[in-house]
2 protein chains.
Amino acid sequence: MGDNVLDLNLLGVGELASHHEGHTLRPRNPAPFLLKTYNLLEEGGGGVNGEAEAEDDNKKIVSWNVDGKGFVVWSPAEFSDLTLPRYFKHNNFSSFIRQLNTYGFKKISSKRWEFKHEKFQRGCKHLLVEITRKKGEPSVFPSYLKSSSEENGMTSSMEVNNNQQILMEENKNLKEERLELQMQIAECKAIEMKLLEYLSQFVDNHQNKVRRLC
Amino acid sequence: MGDNVLDLNLLGVGELASHHEGHTLRPRNPAPFLLKTYNLLEEGGGGVNGEAEAEDDNKKIVSWNVDGKGFVVWSPAEFSDLTLPRYFKHNNFSSFIRQLNTYGFKKISSKRWEFKHEKFQRGCKHLLVEITRKKGEPSVFPSYLKSSSEENGMTSSMEVNNNQQILMEENKNLKEERLELQMQIAECKAIEMKLLEYLSQFVDNHQNKVRRLC
DNA sequence: GGGAATATTCCC
DNA sequence: GGGAATATTCCC
């Protein structure tokens, strides 16, 4: 206790500078599908096996395209049989495609299985969190009631629904923000307590020393 | 039908057989989950393997109960590790339970994992089609918006409007709260800074004193 | 390509 | 137990 000036870090005070970073930005993870697909590309789709992986272009099952802004499934058959079951609970190419569509990927070649998404690029794992599922809007009306008169501009019910969607989204975000802020405050208070505690101990200690030395 | 057979061969996964069978037949099929669970019981949960299956009661993993009006998972661990992955795309006992609940099965013993459903009985495969998923009623309103204001005669448009009002109100409150929290945080940080500043001065001061006194 | 049913996971 | 998000399947 005497020489604990150096123990500031142990008390957690040293985290002052960096402790915010954990919470200020949403630590939200990318969707499992996106992470798996990204990893699968990093790993060449071959997964983990003992053999040295041949990196010959003509042996590739799946890979980033030249500029890293998209990817190509060179061999759908091998991809389905070997790659998919390593990362997912199925081996159906069409289920994989369905997921790509769900997350807004676009097929960018009619000649081969090449896909891209604005936020899905080689070396940009951090962008994955930006990709969201296209959700069939939870409309106020059940789909089987939806009239077929939807081509022209918005019907009023759609508009109401749309407003509501926006409000709910904003609402949700605000609540998340609130939680984060509350956590930050809790942390702040905890640090205050520690600092005060430490300070009082230090004062006691200091006074004792001075007294003895006098 | 021919197509289905072809698919099965390509998939090369016997377990999926029940999944694809007879889509063109008139009478609706039971849900895949129910059929698999039923088959699993008929087969003793051991699935297809070369060895003769020991039918000793004390070696059973899962079986119908005595009167055939329910079934018991005698060994959840083995059931999860051995049985589940043979019939489903997972090996989580809790996911299996989740499905049982979804289809309205009831746990009928607190001492062991025993479940029943009115329409799920030994020798009554034909009753399976009667079992349906309990679905969160396809209400016109998202569940999280459901207020308790539904008994009184509200039209849906009134309700939509009402919901929007509520949302906007909540939204406004959340924003005010956010501001408040942000101010609290600013204050906290200021206090932290002062405490740290004071502490460092105190330390310096203390060391000087001690040095002089020595 | 995407809507919708079912399955699986995650979380309260 | 069950609501809800995500995954997988099935179908148009």
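No experiment lies behind these values; they were computed from the predicted model shown. In what follows, chains carry the letters A, B, and so on, assigned in the order in which the sequence lines appear, proteins first and then strands, with residues in each chain numbered from 1.
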**Given DNA chain C, 5'-ward residue of the pair A:K106 and B:A31, judged by closest heavy atom** = A:K106

**Item:** Any B:Y103 side-chain nitrogen or oxygen under 4.0 Å from OP1 or OP2 of C:dT6
**Value:** no

Distances under 3.5 Å between nitrogen or oxygen atoms of protein and nucleotides 9-12 of chain C:
{"residue": "C:dT9", "atom": "OP1", "partner": "A:K89", "partner atom": "NZ", "Å": "3.0"}
{"residue": "C:dT9", "atom": "OP1", "partner": "B:N92", "partner atom": "OD1", "Å": "3.0"}
{"residue": "C:dT9", "atom": "OP2", "partner": "B:N92", "partner atom": "OD1", "Å": "2.6"}
{"residue": "C:dT9", "atom": "OP2", "partner": "B:S95", "partner atom": "OG", "Å": "2.6"}

**Message:** Rounded to whole Å, please give me the gap between CG in A:N29 and P in D:dT6.
**Reply:** 11 Å

**Item:** Counterpart residues, side chain to side chain contact (heavy atoms under 4.5 Å, CB included), relative to B:N101 (two or more places apart)
**Value:** B:I97, B:R98

**Complete:** In whole angstroms, the gap separating C1' of C:dA7 from NZ of B:K134 amounts to 16 Å

**Fill in**
Between CG of B:L100 and P of D:dG2 the distance, given in whole Å, is 12 Å

**Asked** Stepwise, does the side-chain hydrogen bond (donor to acceptor under 3.5 Å, both in side chains) test hold for B:E42 with B:W64?
**Response** CA-CA 8 Å; B:E42 299 287 281; B:W64 293 105; 3.3 Å; yes

**Message:** Within the 4.0 Å heavy-atom criterion, would you say A:F105 contacts the bases, only the backbone, or no part of the nucleic acid?
**Reply:** nothing

**Request:** Could you check how far CH2 of A:W113 sits from C1' of C:dG1, rounded to whole Å?
**Result:** 12 Å

**Asked** Whole-Å distance between C:dT8 C1' and A:K36 NZ?
**Response** 11 Å

**Item:** Value in whole Å for how far the C1' atom of C:dA7 lies from CG of B:L34
**Value:** 12 Å

**Item:** Set of salt bridge (Lys or Arg N to Asp or Glu O under 4.0 Å) partners for A:E114, sequence neighbours left out
**Value:** A:R112

**Complete:** To the nearest angstrom, the CD1-P distance between A:I131 and D:dT6 comes to 13 Å

**Item:** Test side chain to side chain contact (heavy atoms under 4.5 Å, CB included) applied to A:H90 and B:K89, step by step
**Value:** CA-CA 8 Å; A:H90 66 85; B:K89 289 175 177 294; 3.9 Å; yes

**Request:** Can you sort out the partners of B:F115 under ring pair (Phe, Tyr, Trp, His ring centres under 6.0 Å), two or more places apart, ordered by chain and number?
**Result:** B:F71

**Request:** Please report, rounded to the nearest Å, how far the C1' atom of C:dA7 is from the CG atom of B:L40.
**Result:** 16 Å

**Message:** So, using ring pair (Phe, Tyr, Trp, His ring centres under 6.0 Å) as the criterion, who are the partners of A:W113 when residues are at least two apart?
**Reply:** A:F93

**Those residues that, when tested against B:F33, pass ring pair (Phe, Tyr, Trp, His ring centres under 6.0 Å) (two or more places apart)** = B:F88, B:F96, B:Y103

